[in-house]
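None of these values were measured; they are calculated from a predicted model.
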Amino acid sequence: MSTEQTTPAPAAPAPGAPAVDPRLLVREAGLAGYLAEFKRKMKNGDLGSVPVVLGLILIGAIFQGITGDFLNADNLTNITKWIAGPGLIAVGIVFVLLLGEIDLSLGSVAGVSAAIAAVLSVRSGYNEWVACLIAIGAAVAIGALHGFFFAKIGVPAFVVTLAGLLAWSGLQQYVLGDKGTVNVVNDGVLANLDTYFLGDGDIAYTWGLAVLGIALFAVGQILDARRRAAAGLAARPMSEIALRTAVLAAIALTAAYMLNQDRGLPMPLLVFLAVVVITDFVLRRTSYGRQIFAVGGGVEAARRAGINVAWVRISVFMISAGMAALGGLFIASQQGSADKILGGGNVLMNSIAAAVIGGTSLFGGRGKTWSALLGILVIQSIITGLDLVHVNQAIQYMITGAVLLAAVVLDSVSRRTRKTAAR
């Protein structure tokens with residue numbers, strides 16, 4: 001007979017007794033409760049960000065061992081700069097994946113948006129801010145068009161966005177004209193997207209923003225706990241808030257230190273982080289965000305709950321296209337021009353891979369915009385590490401594809417495990 005000890009499940013409440021939030025039971029048990037909850041989640045396939053964090057640690061260790069230079073400050077700074085373009089596109093993909101759909105046009109939307117901004121500012125003499133806003137507005141209109149055909153006409157999103165991939169790629173070439181390339185204005189708005197926050201080497205700003213972010217996180221956690229406690233809901237104890245804040249502080253201050261060893265805080269990273277934080281708030285803290293999760297979890301149930309499913313679908317495609325436009329502007333800034341191949345190649349595939357590798361489910365209803373950040377860090381770390389060891393691009397494509405397949409397999413297995421566990 002086995003002598004293995006198991007943690008007993010919480011007893012069911014007596015008939016007529018008020019239901020007890022299981023999170024309260026976990027928190028009342030202290031560290032043992034959290035460990036038991038973590039084990040339960042792992043067993044039930046609720047892996048969260050654990051695989052991608054472990055993957056990042058493994059990637060860093062392997063390439064540092066091979067090259068000796070991977071964890072140098074200048075290399076890490078370059079990684080944080082280059083993640084912005086495809087990472088912003090990946091944020092838009094997260095929104096679409098939450099619906100259980102896919103958008104294959106976002107690479108072309110990024111390309112045509114950059115082309116519009118560059119042509120208007122350089123060839124037509126528009127103010128660069130105005131040109132960029134027009135480009136983003138055009139992308140949002142494109143997203144609305146995709147959403148209309150999908151939500152109102154009933155054309156599958158795969159087909160609509162595949163047609164968009166071809167159409168907007170053609171429009172991109174048409175806008176750029178025969179030369180096919182438009183260089184951005186030197187020291188203009190687009191060019192300055194690839195600079196450093198308030199100058200090269202201003203380390204005080206990097207430290208200041210890191211401390212500000214930590215403080216805002218701690219205050220937000222405390223206010224949320226007080227609000228939930230006042231409403232009689234499960235709330236995080238101060239010990240848990242302190243631990244979460246300490247973990248964030250360790251990550252943020254370490255990142256600030258490494259960036260300051262090189263050139264300071266890159267503007268692409270700052271904008272990318274701001275977008276991730278804002279979109280995460282929208283998804284987790286607003287009724288609109290809850291509607292997106294509801295539609296992704298079940299269209300008919302969402303419709304019966306009174307949610308305007310068509311509007312949610314159209315608006316999500318508008319958001320994803322707008323994010324693609326912003327990503328396209330950063331890519332144009334980093335390469336110094338808008339050209340016919342911007343947004344092509346492996347940009348779209350890397351962005352989709354980033355969202356999935358980061359933990360967003362392909363089946364809808366599960367994910368967060370932080371997935372885009374974690375996933376694109378994995379992708380860019382692999383690309384940068386392979387470049388350092390001079391692996392040719394063909395091998396890079398195969399390795400990236402294998403990582404994407406592994407992430408999808410893990411997602412499928414986790415989903416099946418959750419269903420088996422009746423989650």
Checklist entry - Quick one: side-chain hydrogen bond (donor to acceptor under 3.5 Å, both in side chains) partners of Glu128, sequence neighbours excluded? => result none
Checklist entry - Heavy-atom count around Ile341 CD1 within 6.0 Å, excluding the residue itself: above 12? => result no
Item to check | Pairing residues for Asp224 by the salt bridge (charged side-chain N to carboxylate O under 4.0 Å, His left out) criterion, not counting sequence neighbours | outcome: Arg227, Arg285
Next on the checklist: Quick test of your reading: applying side-chain hydrogen bond (donor to acceptor under 3.5 Å, both in side chains), list the pairs with at least one residue in residues 151-178, sequence neighbours left out, ordered by first then second residue.
Outcome noted: His146-Trp168
Next on the checklist: Distance check, rounded to the nearest 0.5 Å: Ile357 atom CD1 versus Leu405 atom CG?
Outcome noted: 10.5 Å
Item to check | Pairs touching residues 291-324 that satisfy ring pair (Phe, Tyr, Trp, His ring centres under 6.0 Å), sequence neighbours left out | outcome: Phe150-Phe317
Checklist entry - Can you list every pair that meets salt bridge (Lys or Arg N to Asp or Glu O under 4.0 Å) and has a residue in residues 301-315, with sequence neighbours left out? => result Glu300-Arg303, Glu300-Arg304
Checklist outcome for this item: Between Ala332 and Ala114 the two heavy atoms that sit nearest each other are CB-CB, 4.0 Å
Next on the checklist: For the backbone of Leu329 and the side chain of Ser333, can you confirm whether one donor and one acceptor N or O come within less than 3.5 Å of each other?
Outcome noted: no
Checklist entry - Got Ile379 and Ile376 here, is their nearest side-chain heavy-atom distance under 4.5 Å? => result yes
Checklist outcome for this item: Ala294 and Ile307 have their tightest heavy-atom pair at CB-CD1, 3.6 Å
Checklist entry - Less than 4.5 Å apart, any side-chain heavy atom of Val160 and any of Ile153? => result no
Checklist entry - Is there a side chain to side chain contact (heavy atoms under 4.5 Å, CB included) between Asn75 and Thr67 once you walk through the steps? => result CA-CA 12 Å; Asn75 189 60; Thr67 67; over 6 Å; no
Checklist outcome for this item: Contacts of Gln221 meeting side-chain contact (heavy atoms from CB on, under 4.5 Å) (sequence neighbours excluded), chain-then-number -> Phe217, Arg236, Ile241, Arg244
Which atom pairs, one a donor and one an acceptor, fall under 3.5 Å between side chains of residues 82-96 and the rest of the protein, sequence neighbours left out?
none

Item to check | Within-4.5 Å side-chain heavy-atom neighbours: Leu259 and Leu269 | outcome: yes
Checklist entry - Does Ser121 reach the main-chain N or O of Ala118 with its side chain, forming a donor-acceptor pair under 3.5 Å? => result yes
Checklist entry - Please, which pairs that meet salt bridge (Lys or Arg N to Asp or Glu O under 4.0 Å) have at least one residue in residues 166-177, sequence neighbours excluded? => result none
Checklist entry - How close do Val109 and Ala139 get, heavy atom to heavy atom, and via which atoms? => result CG1-CB, 3.8 Å
Checklist outcome for this item: So OG1 of Thr245 and CG of Leu248: to nearest 0.5 Å the spacing works out to 7.0 Å
Checklist outcome for this item: Correct closest heavy-atom pair for Ala135 and Ser113 would be CB-O, 3.2 Å
Expected list for residues 181-192: side-chain donor-acceptor pairs under 3.5 angstrom, two or more places apart:
{"unit_1": "Asn192", "atom_1": "ND2", "unit_2": "Asp187", "atom_2": "O", "d": "3.3"}
{"unit_1": "Asn192", "atom_1": "ND2", "unit_2": "Gly188", "atom_2": "O", "d": "3.0"}

Checklist entry - So with a 6.0 Å cut-off around CZ of Phe149, is the heavy-atom count from everything else above 12? => result no
Checklist entry - Between Val219 and Ile222, is a side chain to side chain contact (heavy atoms under 4.5 Å, CB included) present by the stated rule, with each step listed? => result CA-CA 5 Å; Val219 171; Ile222 293 171; 5.8 Å; no
Next on the checklist: Using 0.5 Å steps for rounding, measure from the CG atom of Asn260 to the CE atom of Met258.
Outcome noted: 10.5 Å
Item to check | Shortest non-hydrogen contact from Thr77 toward Pro266 | outcome: CG2-CG, 4.0 Å
Item to check | From Leu270 atom CG to Leu193 atom CG, the distance as rounded to the nearest 0.5 Å | outcome: 11.5 Å
Checklist entry - Under the 3.5 angstrom rule, does the side chain of Ser315 hit a backbone N or O of Val312 as a donor-acceptor pair? => result yes
Checklist entry - Would you say Tyr257 has more than 12 foreign heavy atoms packed within less than 6.0 Å of its OH? => result no
Checklist outcome for this item: The reported gap from CG in Leu212 to OH in Tyr205 (rounded to nearest 0.5 angstrom) is 14.0 Å
Item to check | Residue pairs passing the salt bridge (Lys or Arg N to Asp or Glu O under 4.0 Å) test where at least one lies in residues 81-106, sequence neighbours excluded | outcome: Lys81-Asp194
Checklist entry - For Gly289, does its backbone N or O pair with a side-chain atom of Thr286 as donor and acceptor, under 3.5 Å? => result yes
Item to check | Derivation of the side chain to side chain contact (heavy atoms under 4.5 Å, CB included) call for Thr369 and Val282 | outcome: CA-CA 10 Å; Thr369 53; Val282 169; over 6 Å; no
Checklist entry - salt bridge (Lys or Arg N to Asp or Glu O under 4.0 Å): which pairs involve residues 272-281, sequence neighbours left out? => result Asp280-Arg284
Checklist entry - Does Asn346 reach the side chain of Tyr397, with side-chain heavy atoms less than 4.5 Å apart? => result yes
Checklist entry - Are side-chain heavy atoms of Ile395 and Leu386 found at a separation under 4.5 Å? => result no
Next on the checklist: Could you walk me through whether Thr80 and Leu76 satisfy the side chain to side chain contact (heavy atoms under 4.5 Å, CB included) test, starting with their C-alpha distance in whole Å, then the side-chain angles of each, then the deciding distance to 0.1 Å, before giving a yes or no?
Outcome noted: CA-CA 6 Å; Thr80 62; Leu76 294 180; 5.6 Å; no
Next on the checklist: Holding to side-chain hydrogen bond (donor to acceptor under 3.5 Å, both in side chains), I want the full list of residues that pass it with Gln380, two or more places apart in sequence or in another chain.
Outcome noted: Thr384
Checklist entry - Of the non-hydrogen atoms in Leu348 and Gly107, which two are nearest, and what is the gap between them? => result CD1-N, 4.0 Å
Checklist entry - Within the side chain of Arg366, is there an N or O that forms a donor-acceptor pair under 3.5 Å with the backbone of Gly296? => result no
Next on the checklist: I'd like to know if the side chain of Asn72 reaches the main chain of Asp74, judged simply by a donor and an acceptor atom lying under 3.5 Å from each other, with no hydrogens or angles considered.
Outcome noted: no
Checklist outcome for this item: Between the CD1 atom in Ile134 and the CD1 atom in Ile116, the distance rounded to the nearest 0.5 Å is 9.0 Å
